[in-house]
Amino acid sequence: MEKLVIHGGNRLSGEVEISGAKNAAVAIIPATLLAQDICRIENIPNISDVSCMVRILSQMGAQIRYINKHTIEINTKTVNSYIVPHEMTKQLRASYYLIGALLGRYSRAKVALPGGCNFGVRPIDLHIKGFELLGARATVENAMINASADRLTGSHIYMDKVSVGATINIMLAAVKARGLTIIDNAAKEPHIVDLANFLNSMGADVRGAGTDVIKIHGVNELHGCTYNIIPDQIEAGTYMVAAAATGGDVLIKNVIPKHLESITAKLIECGAQVTEYDDSVRVQSEGRFRRINLKTMPHPGFPTDMQPQMSVLLSVAEGTSLVSEGVWDNRFKYVDQLIRMGADVRVDGTIAVFQGVSELTGAPVKADDLRAGAAMIIAGLIARGVTEIEDIIYIDRGYEDYVEKLRNLGADIYRMEVRDEVKTENAG
Ligand code: EPZ
């Protein structure tokens, strides 16, 4: 097991290249099941969530060929089962996309309930409602979701709540359903649009992705394709905040600036400088910030997956900042770790009040989940002294080569093997 060691205080400067979008990749990989053909996917991020999803498809019988670190060929002709057992799905929350994809392929799916980040309740009632409206019978027994239909039929589905996962799962099940499916109050995240573009490259007919209403005309067959995944909006935002928080000057390359608009706006509001170019953004800062209020919302609002990272910057802004988590019911667990580093913050349900302090101080902390881990890295980069972060396996799930990328920007950060200290203490 490893931990991170960070000596804080270095300003980040230079250039960083953003990888492919994790949340697009973990939807597009299962979507390859919808065609009994070969798909070539480019700009795939080299992160453990992706390798985990690829492993699941391989265990289901798909033939996988890595052309290079970021390009993969998936041949699903040889997939021969609609059952995905617990030992496969427990490693990855996004494994529930296999339900929609297997329903689309076989009109049948039996998939173990997933694992994944733990910040509050993560229900799947909207997924199941969507499948049932498409004509499937869906039950949950022995922690397995069992869904089947004689023939999936298009339907008008109103989403009670904006849900990225449910929108994606319904799209996967609907592309080969008979007739027209309308998803009302659909999620509009960039990875929803990327999945729709991928499905259309396979011969599907998906319109309106990125708006509140997605219309899908079912087709009989889909075919393989070659597709290039969009850059990761959240990885890019994380480096933007890290650059600002350290008072640095960083060019973040291979991004779609439009996907970063809400992050750019908030960084400018609290005093950083952000310059947009065609496929990059430059972030400059003196390292001093005005307080702001922040509310996370579904896209195009400020992304919930950027809330922990931005909160670290606000913990050292001048004045009192209010952070309201509008998507998850318990996404402030990381605050306990931040308080160990000297932050002055109070949490009440989905609201956190940050009283800006002059500096954070290094401490031994842990990553509670993927984005909390990213936030702790930013805290370590700006803290006075040494910060050690444990449980970094969470961070490895969603950030490709982050230690190398940060070191190239001037950060003093490295991975260290965690010895089993209990044994050495007992060694006498
Ligand atoms: C996706 O999770 C992302 N994960 C999350 O990113 C992200 O935080 C979230 O979308 C919101 O953007 C992936 O894409 C793999 P939701 P998802 O369904 O799909 C409620 C990361 O760090 N809800 O949009 O699970 C739910 O409780 C991860 O990359 C229901 O009530 O999120 C939440 O309050 C962490 N019933 C809200 O909707 C349902 O059936 C939004 O959840 C489904 C969701």
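Both ligands and their constituent atoms are indexed starting at 1 by order of listing. For the single chain, residues carry numbers from 1 onward in sequence order. As a basis for the values below, the full set of heavy atoms in this structure was taken, side chains included, without hydrogen atoms, waters or symmetry mates. Predicted model only: the values in this text are computed from it and were never measured.
Glu42 and Thr71 share no side-chain donor-acceptor pair at under 3.5 Å. Checking Asn43 against Tyr227 by side-chain atom types alone, no donor-acceptor pair falls below 3.5 Å.
The salt bridge (Lys or Arg N to Asp or Glu O under 4.0 Å) analysis of residues 173-195, with sequence neighbours excluded, yields the pairs Lys188-Asp212.
Remark: distances from the non-hydrogen atoms of Gly398 to ligand 1 are all 4.0 Å or more. Look at Arg331 and you'll find a heavy atom under 4.0 Å from some atom of ligand 1.
In the vicinity of Ile124, heavy-atom distances shorter than 4.0 Å reach the ligand 1 atoms 39 (C), 40 (O). Counting the atoms of ligand 1 from 1 in the order shown, those under 4.0 Å from a heavy atom of Arg371 are 21 (C), 22 (O), 29 (O). Close contacts of ligand 1 with Gly165, meaning ligand atoms under 4.0 Å from a residue heavy atom, involve 18 (O), 19 (O).
When non-hydrogen atoms are compared, ligand 1 lies under 4.0 Å from the side chain of Tyr96 (C-beta onward) but not from its backbone. Under 4.0 Å from ligand 1, the heavy atoms of Lys22 that appear belong solely to its side chain. By the criterion of a heavy-atom distance under 4.0 Å, both the backbone and the side chain of Val327 are placed next to ligand 1. At a 4.0 Å heavy-atom cut-off, ligand 1 touches Lys161 through the side chain alone.
At a threshold of 4.5 Å between non-hydrogen side-chain atoms, the residues His191 and Lys22 do not count as touching.
Under the side chain to side chain donor-acceptor pair (under 3.5 Å) test applied with Lys405, the options Glu15, Glu17, Glu235 reduce to a single match, Glu235. When each of Asp232, Ile47, Ile234 is tested with Tyr399 by the rule side chain to side chain contact (heavy atoms under 4.5 Å, CB included), just one qualifies, namely Ile234.
Take Lys129 and apply the side chain to side chain donor-acceptor pair (under 3.5 Å) test, not counting sequence neighbours, and it matches Asp160.
Nearest to atom 36 (N) of ligand 1 by heavy-atom distance, out of Asp125, Thr304, Ile192, is Asp125. The heavy atom nearest to atom 12 (O) of ligand 1, considering only Asp369, Val164, Leu126, is found in Val164.
Here Arg415 pairs with Glu2 in a salt bridge; the nearest charged N to carboxylate O distance falls below 4.0 Å.
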